[in-house]
Amino acid sequence: MKIFTAQQIREADAYTIQHLPISSLDLMERAAGACTSWICKYFAPETPVYIYCGMGNNGGDGLAITRLLRNRDYNAHAFVLHHSEKATTDHVANREALLQKYPHALHDLPNTTSIPALPADVLIIDAILGTGLSRPVEGWLAGIIQQLQTLYATHTIISIDLPSGMQADSSSVNTPVVKAHHTLSFECYKLAFLFPENAGITGEVHILPIGLHPDYIQQTPTPFQISEESLIKSIYKPRSPFAHKGTYGHALLIAGSEGKMGAAILSAQSCLRAGVGLLTCHVPKCGYTIIQIAVPPAMCIVDDQYDHSSGFQTDVSQYKVIGIGPGIGTAAGTAWAMERLFERYRQPMVLDADALNILATTPGLIDKVPAGSLLTPHPKEFERLFGKTANNREQLQVLSHNAIEKRLCILLKGRYTAMAFPDGNIFFNTTGNPGMATGGSGDVLTGILTALLAQGYSSKDAMLMGVYMHGMAGDYAAETLSQEAMTANDIIDYLGKSFLRLHR
């Protein structure tokens, strides 16, 4: 699914109106109808509904929703906030339609600085401002929005298209924005929905189709996309009946140090569960017995050092891919060995955890990472690698810039993990849940990505598929065990169910 800017969304509306053909008023009716159907699915007719409308097309949506809810015997009322001297044409048309049929359902608030007190059982619909907003809200309307924010704790709030005050393409930091429990948006995600800074504003986002012209969606380029299941299924390569273990690659996993061998175990187990043909683990001497007992299918190479690795083997040409980082520590000898490794091995690698911390503290080392390699930082590791940013929008720009400039595939972990590629595209992953915020979850991802690269997936496809599968396994685990009770081991255990879903 593509993610369009606010300008592109307006262009999509215009293209649809011109080429279907359909009037802008009828397109608004579609949007209002989709919202009304969703509301009726989850809220009973006995629920009183107060809809706060602006003077633009978002307010026009709200007026149409009021009329359509009334048609279904809901006690719906529209309150129009006159924040502009002139309303849009479609707003005026929907105002007249509501007045004609349900005149007592329309209430004007022309000079108000606060909204009247609300009954406790009222459902609030926010249809004040939409995607046309290009700057923070100011003046008395900002006060109204702040008042609606205070009602979040006592009333259910649903925003239409996006919460009023939010800009579709930006972070909403320290600006007045309605805080919603649900956001009903149309056809595609807004970029702002995917920023962690906005997570507490949008609530649960529901994308409702309204029939925008498919030609515009297909033909219009955008660097931003959602990685959906259909995309992952198109990437997935079912196994050949004549395959053998050599078909699916020999991976080297450099992981573990004294006190951190659990990271090596999780990465090795997930690598094997994700389908690698052969796996060799490079560990310090303290980890030899641990790996041999905990991961019997893996072969093991032991470093000369007891508590950390500092002399990765000279001949690495036999390996299809190398994964490095989980639990290796940041000792000077480990950093030196990693730099030598980059000189000898020029195929794409997977770098995570302490490997990223070594990159961040060794000037110029990131420029030696083989092109096409996969870097998997969480926000703090990202900050150490590439510096602080003012907000999530700027962070996304830094992510993309470094992926292009350094020819690397770089992800930024989060609720919607962002994945940037050397071709300039950025994908957001939608699988996964807060239960995966647990120690070892990143080590599991490293193993999955290493396995997929070993099996011959391209760097881009391995990252898209690996992150999606990692999140899907976490979702299956949470369904069975709860988000609170799941551990990183459970993600590994449910990888098989995730592959079965793709295979079906």
Side-chain angles (χ1 to χ4, degrees), residues 171 194-200 227 254-257 260 262-264 266-267 270 323-330 338 349-362 365-366 369 373-403 406 408-421 426-450 462-464 466-475 477-478 483 486-492:
S171 298
L194 306 170
F195 293 149
E197 289 169 342
N198 294 339
S227 56
I254 302 171
S257 60
K260 297 180 180 179
L266 289 169
S267 289
S270 63
I324 181 171
I328 62 172
T330 57
M338 197 167 85
M349 303 170 63
V350 180
L351 287 84
D352 183 40
D354 285 329
L356 300 176
N357 293 326
I358 290 172
L359 289 184
T361 55
T362 309
L365 186 56
I366 194 171
V369 176
S373 290
L374 281 58
L375 276 59
T376 62
H378 58 57
K380 281 297 181 183
E381 290 167 341
F382 182 86
E383 185 178 294
R384 287 193 286 268
L385 278 168
F386 304 117
K388 291 185 178 181
T389 53
N391 53 55
N392 291 145
R393 187 69 176 91
E394 183 180 320
Q395 191 178 53
L396 201 62
Q397 293 169 342
V398 171
L399 175 69
S400 181
H401 170 78
N402 281 280
K406 302 182 188 306
L408 300 172
C409 302
I410 310 173
L411 63 77
L412 176 58
K413 293 172 182 173
R415 169 60 188 93
Y416 298 105
T417 292
M419 297 166 280
F421 301 101
I426 297 176
F427 284 76
F428 294 88
N429 184 67
T430 54
T431 59
N433 62 83
M436 299 176 72
T438 184
S441 178
D443 303 319
V444 172
L445 177 60
T446 299
I448 296 170
L449 297 175
T450 301
M463 181 169 278
L464 289 170
V467 172
Y468 191 91
M469 298 290 288
H470 180 252
M472 188 192 297
D475 289 339
Q483 293 182 5
M486 64 182 287
T487 67
N489 302 79
D490 299 318
I491 301 173
I492 299 172

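Start at 1 with the first residue, then count along the sequence.
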Problem - Any side-chain heavy-atom pair of Leu396 and Phe428 under 4.5 Å - result: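 Result yes, sub-4.5 Å side-chain heavy-atom pair found.
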
Handout entry: Least distance between heavy atoms, Ala353 atom then Gly325 atom
Key =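 Minimum heavy-atom contact is CB-O, 3.7 Å.
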
[atom1]-[atom2] distance between [X] and [Y], expressed to the nearest 0.5 angstrom:
{"X": "Leu266", "Y": "Thr446", "atom1": "CG", "atom2": "OG1", "answer": "10.5 Å"}
{"X": "Glu381", "Y": "Leu412", "atom1": "CD", "atom2": "CG", "answer": "10.0 Å"}
{"X": "Leu194", "Y": "Ile426", "atom1": "CG", "atom2": "CD1", "answer": "11.0 Å"}
{"X": "Met472", "Y": "Ile491", "atom1": "CE", "atom2": "CD1", "answer": "13.5 Å"}
{"X": "Leu411", "Y": "Leu449", "atom1": "CG", "atom2": "CG", "answer": "7.0 Å"}
{"X": "Leu464", "Y": "Met419", "atom1": "CG", "atom2": "CE", "answer": "5.0 Å"}

Determine yes or no for a side-chain-to-main-chain donor-acceptor pair under 3.5 angstrom, with [X] supplying the side chain and [Y] the backbone.
{"X": "Ser267", "Y": "Asp443", "value": "yes"}
{"X": "Ser400", "Y": "Ala420", "value": "no"}
{"X": "Asn429", "Y": "Ser227", "value": "no"}
{"X": "Gln395", "Y": "Thr389", "value": "no"}
{"X": "Ser441", "Y": "Ala488", "value": "no"}

Handout entry: Donor + acceptor pair across side chains of Glu394, Asn391 (<3.5 Å)
Key =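 Side-chain D/A pair, Glu394 to Asn391: absent.
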
Handout entry: Charged N-O contact under 4.0 Å between Asp352 and Lys413
Key =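 Yes, this pair counts.
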
